[in-house]
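See structure below.
Below, each value reflects all heavy atoms present in this structure, side chains not excepted, and no hydrogens, waters or symmetry copies. Note that the structure is a prediction, hence the values are computed from the model and not measured. Letters A, B, ... mirror the listed sequences (proteins, then strands); counts begin at 1.
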2 protein chains.
Amino acid sequence: MQTEAMTKATQARTLKTRARLLEAARQAVEEQGYPGLRTEEVVKRAGTAKGTFFAHFPDKEALLDHLIGEDIDGILEEMEALPAPKTVPDLIESLMPLVTYMAQDRDIFDVIIRRSGAAAIEEIGPIAVTFERQFGIFIHWLSNPAFRQDVSPDLLAEGVQAFLVQAVALNFCALHNTIALPDRLLPYLEAWLIPGPQSS
Amino acid sequence: MQTEAMTKATQARTLKTRARLLEAARQAVEEQGYPGLRTEEVVKRAGTAKGTFFAHFPDKEALLDHLIGEDIDGILEEMEALPAPKTVPDLIESLMPLVTYMAQDRDIFDVIIRRSGAAAIEEIGPIAVTFERQFGIFIHWLSNPAFRQDVSPDLLAEGVQAFLVQAVALNFCALHNTIALPDRLLPYLEAWLIPGPQSS
DNA sequence: GGATGGAATTGACCGTGGTCAATATCTAAT
DNA sequence: ATTAGATATTGACCACGGTCAATTCCATCC
(Lines give C-alpha, C1' and ligand atoms only; values in the text may rest on other atoms or scores of the structure.)
Protein backbone atom coordinates (compact mmCIF):
# COMPACT_ATOMS: atom_id res chain seq x y z
CA MET A 1 0.00 0.00 0.00
CA GLN A 2 2.94 2.25 0.72
CA THR A 3 4.05 1.78 -2.79
CA GLU A 4 0.90 3.16 -4.25
CA ALA A 5 0.67 5.91 -1.72
CA MET A 6 4.25 6.91 -2.45
CA THR A 7 3.80 7.00 -6.18
CA LYS A 8 0.53 8.84 -5.80
CA ALA A 9 1.75 11.75 -3.71
CA THR A 10 1.37 15.09 -5.48
CA GLN A 11 1.38 13.65 -8.92
CA ALA A 12 -1.12 15.96 -10.53
CA ARG A 13 1.12 18.99 -10.50
CA THR A 14 4.14 16.98 -11.55
CA LEU A 15 2.44 15.33 -14.48
CA LYS A 16 1.14 18.64 -15.69
CA THR A 17 4.58 20.21 -15.54
CA ARG A 18 6.09 17.28 -17.34
CA ALA A 19 3.43 17.50 -20.02
CA ARG A 20 4.07 21.23 -20.40
CA LEU A 21 7.79 20.60 -20.81
CA LEU A 22 7.23 17.94 -23.42
CA GLU A 23 4.72 20.06 -25.29
CA ALA A 24 7.13 22.99 -25.22
CA ALA A 25 9.93 20.76 -26.47
CA ARG A 26 7.77 19.48 -29.33
CA GLN A 27 7.02 23.04 -30.38
CA ALA A 28 10.66 24.03 -30.16
CA VAL A 29 11.71 21.06 -32.26
CA GLU A 30 9.02 21.89 -34.76
CA GLU A 31 10.42 25.39 -35.17
CA GLN A 32 14.16 24.96 -34.69
CA GLY A 33 14.67 21.27 -35.42
CA TYR A 34 16.41 18.83 -33.13
CA PRO A 35 19.89 20.30 -33.56
CA GLY A 36 18.67 23.75 -32.53
CA LEU A 37 16.91 22.52 -29.41
CA ARG A 38 17.97 24.46 -26.30
CA THR A 39 16.85 23.63 -22.78
CA GLU A 40 16.49 27.36 -22.07
CA GLU A 41 14.03 27.60 -24.93
CA VAL A 42 12.02 24.63 -23.71
CA VAL A 43 11.90 26.01 -20.21
CA LYS A 44 10.91 29.46 -21.39
CA ARG A 45 8.05 28.08 -23.44
CA ALA A 46 6.92 25.81 -20.64
CA GLY A 47 7.06 28.71 -18.20
CA THR A 48 9.17 26.86 -15.67
CA ALA A 49 12.59 27.37 -14.19
CA LYS A 50 15.58 25.56 -15.58
CA GLY A 51 15.93 23.49 -12.47
CA THR A 52 12.46 22.10 -13.02
CA PHE A 53 13.52 20.70 -16.35
CA PHE A 54 16.34 18.79 -14.72
CA ALA A 55 14.04 17.57 -11.99
CA HIS A 56 12.02 15.86 -14.71
CA PHE A 57 14.79 14.73 -17.02
CA PRO A 58 18.22 13.59 -15.90
CA ASP A 59 19.75 15.46 -18.81
CA LYS A 60 18.93 16.97 -22.15
CA GLU A 61 19.62 13.73 -23.93
CA ALA A 62 16.88 12.04 -21.91
CA LEU A 63 14.44 14.50 -23.42
CA LEU A 64 15.74 13.77 -26.90
CA ASP A 65 15.48 10.09 -26.06
CA HIS A 66 11.82 10.56 -25.22
CA LEU A 67 10.95 12.62 -28.29
CA ILE A 68 12.91 10.52 -30.75
CA GLY A 69 11.51 7.39 -29.13
CA GLU A 70 8.02 8.62 -29.86
CA ASP A 71 8.96 9.38 -33.45
CA ILE A 72 10.40 5.93 -33.96
CA ASP A 73 7.42 4.32 -32.29
CA GLY A 74 5.18 5.96 -34.85
CA ILE A 75 7.33 4.59 -37.63
CA LEU A 76 7.31 1.09 -36.14
CA GLU A 77 3.54 1.30 -35.95
CA GLU A 78 3.45 1.67 -39.71
CA MET A 79 6.01 -1.06 -40.16
CA GLU A 80 4.04 -3.51 -38.08
CA ALA A 81 1.00 -2.90 -40.23
CA LEU A 82 2.95 -3.93 -43.31
CA PRO A 83 2.83 -7.48 -44.65
CA ALA A 84 6.01 -9.47 -44.00
CA PRO A 85 8.35 -8.83 -46.93
CA LYS A 86 9.27 -11.87 -49.01
CA THR A 87 12.29 -10.57 -50.87
CA VAL A 88 15.26 -8.46 -49.96
CA PRO A 89 14.16 -5.47 -52.06
CA ASP A 90 10.78 -5.67 -50.38
CA LEU A 91 12.47 -5.83 -47.01
CA ILE A 92 14.50 -2.74 -47.82
CA GLU A 93 11.43 -0.89 -48.96
CA SER A 94 9.75 -1.78 -45.69
CA LEU A 95 12.77 -0.56 -43.79
CA MET A 96 13.04 2.75 -45.57
CA PRO A 97 10.87 4.88 -43.26
CA LEU A 98 13.06 3.89 -40.35
CA VAL A 99 16.27 4.30 -42.31
CA THR A 100 15.23 7.66 -43.65
CA TYR A 101 14.40 8.89 -40.18
CA MET A 102 17.75 7.80 -38.79
CA ALA A 103 19.60 9.30 -41.74
CA GLN A 104 17.89 12.69 -41.63
CA ASP A 105 20.34 14.28 -39.24
CA ARG A 106 23.68 13.43 -37.75
CA ASP A 107 22.73 14.64 -34.28
CA ILE A 108 19.65 12.47 -34.18
CA PHE A 109 21.59 9.50 -35.45
CA ASP A 110 24.21 9.95 -32.74
CA VAL A 111 21.61 10.07 -30.01
CA ILE A 112 19.85 7.02 -31.40
CA ILE A 113 23.06 5.04 -31.47
CA ARG A 114 24.08 6.16 -28.02
CA ARG A 115 20.70 5.34 -26.47
CA SER A 116 19.78 2.31 -28.55
CA GLY A 117 21.12 0.06 -25.86
CA ALA A 118 20.04 0.40 -22.27
CA ALA A 119 22.69 2.15 -20.24
CA ALA A 120 21.55 0.42 -17.08
CA ILE A 121 19.21 -2.46 -16.52
CA GLU A 122 16.96 -0.40 -14.25
CA GLU A 123 16.23 2.31 -16.72
CA ILE A 124 15.72 1.39 -20.32
CA GLY A 125 15.16 4.51 -22.34
CA PRO A 126 12.45 4.97 -24.95
CA ILE A 127 14.84 4.54 -27.85
CA ALA A 128 16.17 1.33 -26.35
CA VAL A 129 12.60 0.09 -26.11
CA THR A 130 11.99 0.85 -29.77
CA PHE A 131 15.10 -1.10 -30.64
CA GLU A 132 13.77 -4.13 -28.83
CA ARG A 133 10.51 -3.68 -30.68
CA GLN A 134 12.36 -3.30 -33.98
CA PHE A 135 14.21 -6.47 -33.17
CA GLY A 136 10.91 -8.28 -32.67
CA ILE A 137 9.60 -7.09 -36.02
CA PHE A 138 12.75 -8.20 -37.79
CA ILE A 139 12.59 -11.62 -36.18
CA HIS A 140 9.04 -11.98 -37.32
CA TRP A 141 9.85 -10.91 -40.86
CA LEU A 142 12.89 -13.10 -41.12
CA SER A 143 11.17 -16.24 -39.85
CA ASN A 144 10.29 -16.99 -43.41
CA PRO A 145 11.53 -19.63 -45.84
CA ALA A 146 12.31 -16.87 -48.31
CA PHE A 147 15.35 -16.06 -46.19
CA ARG A 148 18.19 -18.28 -45.08
CA GLN A 149 17.40 -20.94 -42.55
CA ASP A 150 20.84 -22.10 -41.46
CA VAL A 151 20.96 -19.57 -38.62
CA SER A 152 18.34 -18.35 -36.20
CA PRO A 153 16.01 -15.47 -37.05
CA ASP A 154 17.40 -13.74 -33.97
CA LEU A 155 20.86 -13.70 -35.42
CA LEU A 156 19.53 -12.58 -38.79
CA ALA A 157 17.71 -9.73 -37.07
CA GLU A 158 20.82 -8.59 -35.23
CA GLY A 159 22.66 -8.64 -38.52
CA VAL A 160 20.02 -6.54 -40.20
CA GLN A 161 20.31 -3.99 -37.41
CA ALA A 162 24.08 -3.95 -37.81
CA PHE A 163 23.91 -3.40 -41.54
CA LEU A 164 21.24 -0.81 -41.19
CA VAL A 165 23.41 1.21 -38.81
CA GLN A 166 26.44 0.72 -41.03
CA ALA A 167 24.56 1.91 -44.09
CA VAL A 168 23.28 5.04 -42.39
CA ALA A 169 26.68 5.79 -40.87
CA LEU A 170 28.40 5.48 -44.24
CA ASN A 171 25.75 7.73 -45.70
CA PHE A 172 26.93 10.52 -43.41
CA CYS A 173 30.46 10.02 -44.63
CA ALA A 174 31.63 12.29 -47.41
CA LEU A 175 33.88 9.59 -48.83
CA HIS A 176 31.06 7.12 -49.31
CA ASN A 177 27.81 8.98 -49.68
CA THR A 178 27.57 8.89 -53.45
CA ILE A 179 25.40 5.80 -53.31
CA ALA A 180 21.76 5.93 -52.22
CA LEU A 181 20.73 4.18 -49.05
CA PRO A 182 18.58 1.44 -50.58
CA ASP A 183 21.32 0.66 -53.10
CA ARG A 184 23.82 0.39 -50.33
CA LEU A 185 21.62 -1.88 -48.28
CA LEU A 186 20.87 -4.26 -51.11
CA PRO A 187 24.26 -5.99 -51.41
CA TYR A 188 24.58 -6.17 -47.62
CA LEU A 189 21.24 -7.79 -47.07
CA GLU A 190 21.37 -10.03 -50.13
CA ALA A 191 24.66 -11.42 -48.92
CA TRP A 192 23.42 -11.69 -45.34
CA LEU A 193 19.96 -13.10 -45.92
CA ILE A 194 20.33 -15.12 -49.10
CA PRO A 195 23.89 -16.38 -49.26
CA GLY A 196 25.08 -19.01 -51.66
CA PRO A 197 22.93 -18.69 -54.79
CA GLN A 198 24.57 -15.61 -56.18
CA SER A 199 28.07 -15.67 -57.57
CA SER A 200 30.52 -12.91 -58.37
CA MET B 1 54.75 28.51 -56.14
CA GLN B 2 52.26 30.47 -54.05
CA THR B 3 51.01 27.27 -52.60
CA GLU B 4 54.32 26.28 -51.18
CA ALA B 5 55.12 29.76 -50.00
CA MET B 6 51.78 29.97 -48.25
CA THR B 7 52.16 26.69 -46.47
CA LYS B 8 55.72 27.50 -45.53
CA ALA B 9 55.16 30.84 -43.84
CA THR B 10 56.02 30.90 -40.13
CA GLN B 11 55.75 27.21 -39.64
CA ALA B 12 58.49 26.69 -37.09
CA ARG B 13 56.69 28.43 -34.25
CA THR B 14 53.38 26.88 -35.16
CA LEU B 15 54.70 23.37 -35.31
CA LYS B 16 56.35 23.77 -31.96
CA THR B 17 53.18 25.02 -30.35
CA ARG B 18 51.18 22.23 -31.88
CA ALA B 19 53.69 19.71 -30.62
CA ARG B 20 53.51 21.22 -27.14
CA LEU B 21 49.73 20.99 -27.18
CA LEU B 22 49.78 17.38 -28.28
CA GLU B 23 52.42 16.48 -25.73
CA ALA B 24 50.41 18.19 -23.02
CA ALA B 25 47.28 16.37 -24.13
CA ARG B 26 49.07 13.03 -24.03
CA GLN B 27 50.19 13.70 -20.49
CA ALA B 28 46.73 14.77 -19.43
CA VAL B 29 45.18 11.66 -20.93
CA GLU B 30 47.80 9.56 -19.21
CA GLU B 31 46.83 11.02 -15.84
CA GLN B 32 43.10 11.63 -16.17
CA GLY B 33 42.09 9.32 -19.00
CA TYR B 34 40.18 10.37 -22.08
CA PRO B 35 36.90 11.08 -20.31
CA GLY B 36 38.62 13.48 -17.89
CA LEU B 37 40.39 15.42 -20.60
CA ARG B 38 39.81 19.18 -20.31
CA THR B 39 41.02 21.74 -22.82
CA GLU B 40 41.88 24.08 -19.95
CA GLU B 41 44.17 21.43 -18.56
CA VAL B 42 45.86 20.84 -21.90
CA VAL B 43 46.37 24.54 -22.41
CA LYS B 44 47.74 25.03 -18.91
CA ARG B 45 50.26 22.26 -19.37
CA ALA B 46 51.27 23.52 -22.79
CA GLY B 47 51.65 27.04 -21.42
CA THR B 48 49.47 28.60 -24.08
CA ALA B 49 46.21 30.50 -24.08
CA LYS B 50 42.95 28.77 -24.72
CA GLY B 51 42.52 30.54 -28.01
CA THR B 52 45.74 29.02 -29.25
CA PHE B 53 44.32 25.57 -28.78
CA PHE B 54 41.38 26.40 -30.99
CA ALA B 55 43.65 27.96 -33.57
CA HIS B 56 45.30 24.57 -33.90
CA PHE B 57 42.28 22.30 -33.56
CA PRO B 58 38.81 23.15 -34.83
CA ASP B 59 37.36 21.68 -31.66
CA LYS B 60 38.15 19.37 -28.79
CA GLU B 61 36.96 16.37 -30.72
CA ALA B 62 39.57 17.02 -33.37
CA LEU B 63 42.21 16.58 -30.69
CA LEU B 64 40.62 13.35 -29.55
CA ASP B 65 40.48 12.31 -33.18
CA HIS B 66 44.21 12.84 -33.46
CA LEU B 67 45.12 11.05 -30.25
CA ILE B 68 42.77 8.12 -30.76
CA GLY B 69 43.87 7.91 -34.37
CA GLU B 70 47.44 7.44 -33.20
CA ASP B 71 46.37 4.78 -30.75
CA ILE B 72 44.48 2.87 -33.40
CA ASP B 73 47.36 3.23 -35.83
CA GLY B 74 49.59 1.51 -33.33
CA ILE B 75 47.12 -1.32 -33.03
CA LEU B 76 46.81 -1.67 -36.81
CA GLU B 77 50.59 -1.84 -36.98
CA GLU B 78 50.45 -4.97 -34.87
CA MET B 79 47.57 -6.37 -36.85
CA GLU B 80 49.36 -5.92 -40.14
CA ALA B 81 52.31 -7.87 -38.81
CA LEU B 82 50.04 -10.81 -38.08
CA PRO B 83 49.64 -13.69 -40.55
CA ALA B 84 46.30 -13.66 -42.34
CA PRO B 85 43.85 -15.65 -40.22
CA LYS B 86 42.45 -18.78 -41.80
CA THR B 87 39.47 -19.45 -39.57
CA VAL B 88 36.84 -17.31 -37.96
CA PRO B 89 38.15 -17.88 -34.41
CA ASP B 90 41.60 -16.89 -35.64
CA LEU B 91 40.13 -13.83 -37.26
CA ILE B 92 38.44 -12.85 -34.03
CA GLU B 93 41.62 -13.33 -32.10
CA SER B 94 43.41 -11.10 -34.57
CA LEU B 95 40.69 -8.49 -34.19
CA MET B 96 40.71 -8.47 -30.42
CA PRO B 97 43.27 -5.70 -29.82
CA LEU B 98 41.18 -3.37 -31.92
CA VAL B 99 37.90 -4.51 -30.39
CA THR B 100 39.25 -4.21 -26.87
CA TYR B 101 40.46 -0.70 -27.54
CA MET B 102 37.11 0.39 -28.90
CA ALA B 103 35.25 -1.25 -26.04
CA GLN B 104 37.35 0.24 -23.26
CA ASP B 105 35.29 3.36 -22.83
CA ARG B 106 31.95 4.64 -24.04
CA ASP B 107 33.29 8.14 -24.72
CA ILE B 108 36.09 6.85 -26.89
CA PHE B 109 33.72 4.56 -28.74
CA ASP B 110 31.37 7.45 -29.47
CA VAL B 111 34.14 9.59 -30.86
CA ILE B 112 35.43 6.72 -32.97
CA ILE B 113 32.01 6.10 -34.46
CA ARG B 114 31.37 9.76 -35.07
CA ARG B 115 34.72 10.33 -36.77
CA SER B 116 35.14 6.98 -38.49
CA GLY B 117 33.74 8.45 -41.67
CA ALA B 118 35.09 11.59 -43.20
CA ALA B 119 32.81 14.53 -42.52
CA ALA B 120 34.05 16.28 -45.63
CA ILE B 121 36.13 15.07 -48.53
CA GLU B 122 38.75 17.77 -48.01
CA GLU B 123 39.49 16.90 -44.45
CA ILE B 124 39.63 13.27 -43.57
CA GLY B 125 40.38 12.92 -39.89
CA PRO B 126 42.95 10.54 -38.42
CA ILE B 127 40.33 8.07 -37.24
CA ALA B 128 38.71 8.03 -40.67
CA VAL B 129 42.13 7.24 -42.11
CA THR B 130 42.59 4.33 -39.73
CA PHE B 131 39.21 3.00 -40.79
CA GLU B 132 40.29 3.01 -44.40
CA ARG B 133 43.44 1.22 -43.35
CA GLN B 134 41.44 -1.27 -41.31
CA PHE B 135 39.28 -1.83 -44.33
CA GLY B 136 42.37 -2.64 -46.40
CA ILE B 137 43.57 -5.15 -43.85
CA PHE B 138 40.19 -6.85 -43.74
CA ILE B 139 40.05 -7.07 -47.52
CA HIS B 140 43.45 -8.66 -47.54
CA TRP B 141 42.53 -11.14 -44.84
CA LEU B 142 39.25 -12.05 -46.42
CA SER B 143 40.66 -12.62 -49.90
CA ASN B 144 41.19 -16.17 -48.89
CA PRO B 145 39.50 -19.40 -49.96
CA ALA B 146 38.88 -20.18 -46.30
CA PHE B 147 36.10 -17.59 -46.41
CA ARG B 148 33.10 -17.34 -48.68
CA GLN B 149 33.76 -16.45 -52.29
CA ASP B 150 30.30 -15.66 -53.56
CA VAL B 151 30.65 -11.98 -52.70
CA SER B 152 33.57 -9.59 -53.00
CA PRO B 153 36.15 -9.26 -50.23
CA ASP B 154 35.20 -5.58 -50.09
CA LEU B 155 31.68 -6.44 -49.12
CA LEU B 156 32.89 -9.00 -46.61
CA ALA B 157 35.16 -6.38 -45.07
CA GLU B 158 32.34 -3.87 -44.74
CA GLY B 159 30.27 -6.54 -43.06
CA VAL B 160 33.03 -7.33 -40.60
CA GLN B 161 33.24 -3.66 -39.69
CA ALA B 162 29.48 -3.55 -39.22
CA PHE B 163 29.45 -6.57 -36.94
CA LEU B 164 32.44 -5.35 -35.03
CA VAL B 165 30.71 -2.06 -34.27
CA GLN B 166 27.49 -3.87 -33.40
CA ALA B 167 29.28 -6.22 -31.01
CA VAL B 168 31.03 -3.40 -29.19
CA ALA B 169 27.87 -1.32 -29.02
CA LEU B 170 25.89 -4.21 -27.55
CA ASN B 171 28.68 -4.74 -25.07
CA PHE B 172 28.01 -1.28 -23.64
CA CYS B 173 24.36 -2.17 -23.26
CA ALA B 174 23.29 -3.37 -19.86
CA LEU B 175 20.66 -5.64 -21.36
CA HIS B 176 23.11 -7.55 -23.50
CA ASN B 177 26.54 -7.37 -21.96
CA THR B 178 26.51 -10.72 -20.22
CA ILE B 179 28.28 -12.32 -23.13
CA ALA B 180 31.97 -11.76 -23.80
CA LEU B 181 32.99 -9.92 -26.93
CA PRO B 182 34.69 -12.79 -28.75
CA ASP B 183 31.73 -15.04 -28.02
CA ARG B 184 29.38 -12.46 -29.41
CA LEU B 185 31.44 -11.99 -32.54
CA LEU B 186 31.69 -15.69 -33.31
CA PRO B 187 28.11 -16.36 -34.45
CA TYR B 188 28.03 -13.10 -36.41
CA LEU B 189 31.18 -13.78 -38.31
CA GLU B 190 30.57 -17.49 -38.79
CA ALA B 191 27.25 -16.71 -40.37
CA TRP B 192 28.69 -13.87 -42.40
CA LEU B 193 31.91 -15.43 -43.60
CA ILE B 194 31.09 -19.13 -43.84
CA PRO B 195 27.41 -19.43 -44.61
CA GLY B 196 25.74 -22.63 -45.63
CA PRO B 197 27.66 -25.48 -43.98
CA GLN B 198 26.22 -25.01 -40.49
CA SER B 199 22.61 -25.80 -39.76
CA SER B 200 19.99 -24.52 -37.31
C1' DG C 1 -7.66 25.90 10.55
C1' DG C 2 -3.06 25.49 11.98
C1' DA C 3 1.10 22.64 12.06
C1' DT C 4 4.22 19.29 9.83
C1' DG C 5 6.95 17.04 6.56
C1' DG C 6 7.83 15.60 2.16
C1' DA C 7 7.80 16.76 -2.74
C1' DA C 8 8.03 20.19 -6.57
C1' DT C 9 9.93 24.38 -8.02
C1' DT C 10 13.08 28.18 -8.32
C1' DG C 11 16.98 30.83 -10.14
C1' DA C 12 21.54 32.24 -9.07
C1' DC C 13 25.56 29.88 -9.95
C1' DC C 14 29.21 26.84 -12.04
C1' DG C 15 32.14 24.17 -15.51
C1' DT C 16 33.58 23.74 -19.85
C1' DG C 17 33.77 24.18 -24.81
C1' DG C 18 34.24 27.59 -28.06
C1' DT C 19 34.72 32.85 -30.08
C1' DC C 20 36.92 37.00 -31.48
C1' DA C 21 38.85 41.63 -31.52
C1' DA C 22 43.14 43.11 -30.05
C1' DT C 23 48.04 42.30 -29.83
C1' DA C 24 52.46 40.27 -30.60
C1' DT C 25 55.49 38.00 -33.67
C1' DC C 26 57.37 36.63 -37.86
C1' DT C 27 58.76 37.03 -43.09
C1' DA C 28 59.93 39.29 -46.96
C1' DA C 29 60.50 43.27 -49.83
C1' DT C 30 62.80 47.67 -50.17
C1' DA D 1 66.91 48.79 -40.91
C1' DT D 2 62.46 49.83 -41.75
C1' DT D 3 58.18 48.76 -42.86
C1' DA D 4 54.08 46.32 -44.51
C1' DG D 5 51.43 42.47 -44.45
C1' DA D 6 50.51 38.12 -43.04
C1' DT D 7 50.25 34.75 -39.25
C1' DA D 8 50.19 33.23 -34.47
C1' DT D 9 48.82 34.20 -29.84
C1' DT D 10 46.18 36.08 -26.18
C1' DG D 11 42.53 36.17 -22.66
C1' DA D 12 38.24 38.29 -21.63
C1' DC D 13 33.97 36.88 -23.03
C1' DC D 14 29.81 34.07 -24.38
C1' DA D 15 26.57 29.96 -24.77
C1' DC D 16 24.67 26.32 -22.90
C1' DG D 17 24.13 22.19 -20.10
C1' DG D 18 23.79 21.06 -15.55
C1' DT D 19 23.72 21.82 -9.95
C1' DC D 20 21.88 22.82 -5.49
C1' DA D 21 20.51 25.33 -1.32
C1' DA D 22 16.58 27.88 -0.54
C1' DT D 23 11.70 28.39 -1.12
C1' DT D 24 6.99 27.32 -2.23
C1' DC D 25 3.37 24.12 -2.56
C1' DC D 26 0.41 20.55 -1.00
C1' DA D 27 -1.52 16.45 1.37
C1' DT D 28 -2.33 14.83 5.85
C1' DC D 29 -3.15 14.78 10.70
C1' DC D 30 -4.63 16.86 15.09
Side-chain angles (χ1 to χ4, degrees), chain A residues 1-25 28-29 31-67 107 110-111 114-115 119, chain B residues 1-25 28-29 31-67 107 110-111 114-115 119:
Chain A
M1 52 173 71
Q2 268 287 18
T3 334
E4 200 189 334
M6 281 171 64
T7 55
K8 215 198 284 186
T10 329
Q11 277 203 336
R13 198 178 25 150
T14 308
L15 289 177
K16 247 182 184 164
T17 307
R18 191 187 161 86
R20 279 218 318 283
L21 285 168
L22 285 172
E23 172 61 18
V29 168
E31 291 178 24
Q32 322 281 338
Y34 278 108
L37 188 64
R38 297 289 112 89
T39 58
E40 300 256 22
E41 180 66 21
V42 173
V43 147
K44 207 177 76 187
R45 284 172 192 259
T48 73
K50 209 163 176 189
T52 305
F53 178 93
F54 290 97
H56 285 263
F57 301 93
D59 51 27
K60 182 187 169 185
E61 207 177 85
L63 170 65
L64 290 175
D65 194 343
H66 184 100
L67 297 174
D107 286 357
D110 284 344
V111 174
R114 198 141 7 99
R115 314 281 294 207
Chain B
M1 53 173 75
Q2 267 289 17
T3 333
E4 199 189 332
M6 281 169 66
T7 54
K8 214 198 280 185
T10 328
Q11 277 202 338
R13 195 180 24 154
T14 308
L15 288 177
K16 244 182 186 163
T17 307
R18 192 187 162 86
R20 280 218 318 282
L21 285 167
L22 285 171
E23 172 61 18
V29 168
E31 290 176 26
Q32 323 279 338
Y34 278 108
L37 188 64
R38 298 288 112 89
T39 58
E40 298 258 24
E41 179 66 19
V42 172
V43 146
K44 207 177 74 186
R45 285 173 192 259
T48 73
K50 208 163 178 192
T52 303
F53 178 93
F54 289 96
H56 285 263
F57 301 94
D59 51 28
K60 183 187 169 183
E61 207 176 87
L63 170 66
L64 290 175
D65 194 341
H66 184 102
L67 296 174
D107 287 357
D110 284 345
V111 174
R114 198 138 11 97
R115 313 283 294 209

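- Judged by closest nucleotide on DNA chain D, B/G47 is the one of A/E40 and B/G47 placed further toward the 5' end.
- Separating the NE2 atom in B/H66 from the CZ atom in B/R18 is a distance of 6.0 Å, to the nearest 0.5 Å.
- A sub-4.0 Å separation between OP1 or OP2 of C/dT10 and a side-chain N or O of A/T52 is present.
- Minimum heavy-atom separation, B/D107 to B/P35: OD2-CB, 3.5 Å.
- In this structure, NZ of A/K16 is placed 14 Å from C1' of D/dC26, rounded to the nearest angstrom.
- The minimum heavy-atom distance linking B/Y34 with B/L64 is given by the pair CD2-CD2, 3.6 Å.
- For the side-chain hydrogen bond (donor to acceptor under 3.5 Å, both in side chains) test, residues two or more places apart in sequence or in another chain that qualify with B/E40 are B/K50.
- Of the candidate nucleotides D/dG18, D/dT9, C/dA7, D/dG18 has the atom nearest to the side chain of A/K50.
- Within the 4.5 Å cutoff, side-chain heavy atoms of A/T14 are placed close to those of A/H56.
- Closest heavy-atom contact between B/A46 and B/R20: O-NE, 2.8 Å.
- Between D/dT9 and B/T17, a contact under 4.0 Å exists linking OP1 or OP2 to a side-chain N or O.
- In this structure, the CD atom of A/Q32 is 15 Å from the C1' atom of D/dC16, given to the nearest Å.
- Annotation: of the two residues near DNA chain D, B/R20 and A/F53, the 5′-most nearest-nucleotide partner is B/R20.
- When all heavy atoms are compared, the tightest approach of B/A24 to B/V42 is CB-O, 3.5 Å.
- Using a 4.0 Å cut-off on heavy atoms, the residues of residues 54-63 of chain B that approach DNA chain D are B/A55, B/H56, listed by number.
- Taking CG of B/L37 as the start and CG of B/L67 as the end, the distance is 7.5 Å to the nearest 0.5 Å.
- Annotation: the terminal axes of the helix from C/dG1-D/dC30 to C/dT30-D/dA1 meet at 10°, where each axis is the rotation carrying the C1' atoms of four end pairs onto the next four (5 pairs per end, rounded to 10°).
- Listed candidates were D/dT10, C/dT10, C/dT16. Nearest to the side chain of A/T48 is C/dT10.
- When distances are taken from the side chain of B/R13 to each of C/dT16, C/dT9, C/dC26, the shortest belongs to C/dC26.
- In this structure, B/T39 does not reach the C/dG18 phosphate: none of its side-chain N or O atoms is under 4.0 Å from OP1 or OP2.
- Considering CG of A/L22 and CZ of A/F57, their distance stands at 4.0 Å, rounded to 0.5 Å.
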